[in-house]
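Scroll down for the structure; my scribbles are underneath it.
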Amino acid sequence: MKSYAKMATAATLAASTLLPMSVRGEDAKPQMGGELVVTGQLDKTMFPGRNTDAGGMDVYLNACENLVEMAADRTIKPVLAKSWTMSDDLKTVTFHLNEGIQFHDGTPFNAEAVAFVFNEALAKKFLYVSLLEGLEKVVADSEYQVSFKLSKPSAALIPNLAYRTMCIFSPAAYKATGEEGLGSKIVGTGPFVMSEFAKGEYVLFKRNDKYWQKGKPYLDSIRILFVPEVTTRVAMLESGDVDRAQGVPDFDIPRLSGEDTLKVATIPSLQQNYVVINNLKKPLDDARVRQALNYAIDKAGIVKSVFAGTGATLSQAPTLTPGVFGFTDMREPGKDTIFAYDLDKAKDLLKQAGYEDRNGDKVLENAQGEPLSLKLWTRKAGKGEYQIAQLVQTFLEKLGIKTELTVLESATFSASLSLGPQEAKYDLALLAWTIPTADPDEPMMYMTHTKAWKPAGANRMFFSNPETDRLAEAAHAEPDTKKRAEYVRQWMAELLKQAPVIYLPTVNLTEAYRTYVHGAKYLPAGTYDATQAWIDKAAKEEQGISR
Amino acid sequence: MLKLILARLVFMAAAGLLLLTFLFGLFHAIPGDPARLIAGDSAPEALVQSIRQAYGLDQPLMTQYTTYMGRVLHGDFGLSNFSRQPVLKIVMPRLLNTAKLAGWSMLLAMSLSLLLGSLSAMYWDRPLDRGITAFSLAGICTPIFVTGILGLYFFGVHLRWLPIGGMTSWKHYILPVLTLGLAQAAGFTRMVRACMIDALGRDFITTARAKGVPERVIVFKHGLRNALLPIITFFGLGLGHMLGGAAVAESIFNWPGLGRLMVDSILTRDLPLTQGCIFFFAMVFILVNLVVDLLYRWADPRIAHD
């Protein structure tokens, strides 16, 4: 899923702090020095405008900083900007910038640099540009004051600016070397300076001695090795070749957890699996049928068999995951997930919609005797997607729906799921979505809104509901956080009634690291932020690691 | 000789251009939109369209083809869709890395198989032959990813003797070269054994024995030289095979080679990069065949004479 969804994912994390996440070693006093060696993944360019994958952010966040970041309590904290104000009509957001900061190439960080980056993003359509919807232009008012001009108020703008991919790179470096240049050597204001890059092998960041936040960073350098093969990653961690490995398989967790020298952390991500329901196809246009499909899936069973019981978390609300603004637990009292498994209820709902087993063949038929059969598409990608699809097929057959499962190769799948309402051929398709900025604006306006039907947006269900559209638009423009949260809650409640998709568990992220690594953050969007990390050298030596 | 080399080089160029044409057609025939993959599953159509324009993917097929081929003739294989780096700049170091891995593995496989195969033929149907046969059958039957991962855990994690991933020191070569080389040696040994048994049964060998030539000289000088023709062909094909099989070993040992790059580029529909990878693989394959032909002439001067 190189998707936008994923991008979104990442975003959040940036902010990141807000969700449950793995942070360690804040109590002890940080030690200076040492090189942290971690595994990573960089399939694309290193240029933030063209790579919004979590793996890409892991790389460039070491060198490139944002105007703001999101704290654990979901408040927005200043980074390169020291404060901001909003005009009375809510259409101009003005940032006051920190002074005396330099990019790694020695050019000054100022309002002009910020304006250049965002105006270029709009003009060249950087991948994150849809998150800046409503932004008309960015103007440098003075050396250290910059204004974002909007065509209409957007409550999502500031949280979105915390998305790591919207970091401020050096305009001078960009003008000199273009996207290609920054794609292999990112130049920002961050705590580390990129010093070596061997594509497909590693990237090395060295301490920025002129970093504007005095006393930081603690490490001398961070080396990210690109190791796509998961078995190799785990072996490298166990042998001490690396200090941290991401994406540890669920079934390896018990073994690794037993090692004294390793720590394993599992955190819920912002990525929720779901089955796209083509709302235009009969009888899927009936909300009762869609609800029945939801009740027929044993989500706890999926977590147990596909994710070893620990690799995923049951969903507590439709579309939004904990940590996203406005998230409310929408489970019925006493239930462990929304649409908790209830086969009888599912059958009952289908009966109301006119489907029941009329001839004793265990397949449901309508009044004309036509059996209910659906096409489910999936791909062999992501974390256990194919296995989930197989289980969904089994559960639907149990309900009495003939389900034909088709596995497509990733690129073909992606192309087939990007077609408009006339061309789309699927009934059901297994996918995952992520919320880029931990802000509900993206899911509300871009994933479920009528205007966002494929191919324009990401609504591949072709779901359309005036009430959810109205609530989404109201939340989009509402600056008052309490009122906005209430719109979001109502929107989720309406989604529960409409069931535009089959809601499945949220994938957990798993990492394992050496116990001597402290202060790094693993964010729910899947991004690893080691800029404030430090190494306990004595403990490292004790473990016999002399790298 | 020179004529042969020249003819082959011309053939190489023609084959390369034909191959690129074929790949171009193939990639446009299979579903999957590169612009969509770059933008991401959920990206708005407007964004996908702008990427199509920026990368020239919205041009008519014929225009895309002629532009591409025109550039290739000038040595420019274009930019990778994802990393936006020149294809040549990405492919060349990777090709060199794969060549290093395949070269050392091949050297190990050839020397080991010549030795074991000859010994096996010398001691035909005796315990040593059976032992060597058992080794080669085990090697042929065990996939590289099994031996590779076992080796990695035993020598890398358990004993901590050898590093696991990358290629920064000579120690990094040991596990991948052993894994790939031994697997290849297993197959080669069977072939060498069969050819040697055949050669050692010929009349001139009996004559040599009757004349009292030492057995060592009979086997390694007269026998091996005469068994060499089919073995050279087999080694040549084996190297081509190894270049392909290296992709698996490259994944396990995190070797930054061309095989891994090619698989990744196909999965992401990075057309310029895939074309570059396959093109250079094919060129290496043709070059290896040229070398095999030249070696033939060395092994059997009658061929050159004909």
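The basis for the numbers below is simple: all heavy atoms, side chains too, and nothing from hydrogens, waters or symmetry mates. These figures come from a predicted structure and were not determined experimentally. Each chain gets a letter, A, B and so on, in the order the sequences are listed, and its residues count up from 1.
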State the OG1-CD distance between B/Thr168 and A/Glu201, to the nearest 0.5 angstrom.
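The OG1 atom of B/Thr168 sits 8.5 Å away from the CD atom of A/Glu201.
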Taking all atoms of both residues into account, what is the closest heavy-atom pair of [X] and [Y], and its distance?
X	Y	answer
B/Gly165	A/Asp241	N-OD2, 4.1 Å
B/Ile164	A/Ser239	CD1-OG, 3.3 Å
A/Glu229	B/Ser251	CB-O, 3.3 Å
B/Pro256	A/Gly200	CB-O, 4.2 Å

Region of [X] that comes under 4.5 Å of a non-hydrogen atom in chain B:
X	answer
A/Phe126	backbone
A/Glu179	neither
A/Phe226	backbone

Of all pairs that satisfy side-chain hydrogen bond (donor to acceptor under 3.5 Å, both in side chains), the ones with a partner from residues 89-99 of chain B, not counting sequence neighbours:
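Every pair satisfying side-chain hydrogen bond (donor to acceptor under 3.5 Å, both in side chains) with a residue in residues 89-99 of chain B: B/Gln85-B/Lys89, B/Thr98-B/Glu250.
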Residues, nucleotides or ligands: over 12 heavy atoms within 6.0 Å of [X] [atom1]:
X	atom1	result
A/Glu541	CD	no
A/Phe251	CZ	yes
A/Lys125	NZ	no

Please check this pair: side chain of A/Thr232 against backbone of B/Ile252, looking for a donor-acceptor N/O pair closer than 3.5 Å.
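Side chain of A/Thr232 to backbone of B/Ile252: a pair is present.
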Is there a donor-acceptor pair under 3.5 Å between the side chain of B/Arg260 and the backbone N or O of A/Pro228?
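No, B/Arg260 side chain to A/Pro228 backbone: no donor-acceptor pair under 3.5 Å.
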Can you tell me which portion of B/Leu79 sits under 4.5 Å from chain A's heavy atoms? Options are side chain, backbone, both or neither.
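For B/Leu79, side-chain heavy atoms alone lie under 4.5 Å from chain A.
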Applying side-chain hydrogen bond (donor to acceptor under 3.5 Å, both in side chains), can you list everything that pairs with A/Ser546, at least two apart in sequence or on another chain?
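Checked A/Ser546 against side-chain hydrogen bond (donor to acceptor under 3.5 Å, both in side chains); zero matches.
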Stepwise side chain to side chain contact (heavy atoms under 4.5 Å, CB included) test for A/Ile545 and B/Arg160
CA-CA 11 Å; A/Ile545 292 170; B/Arg160 287 208 196 174; 4.3 Å; yes
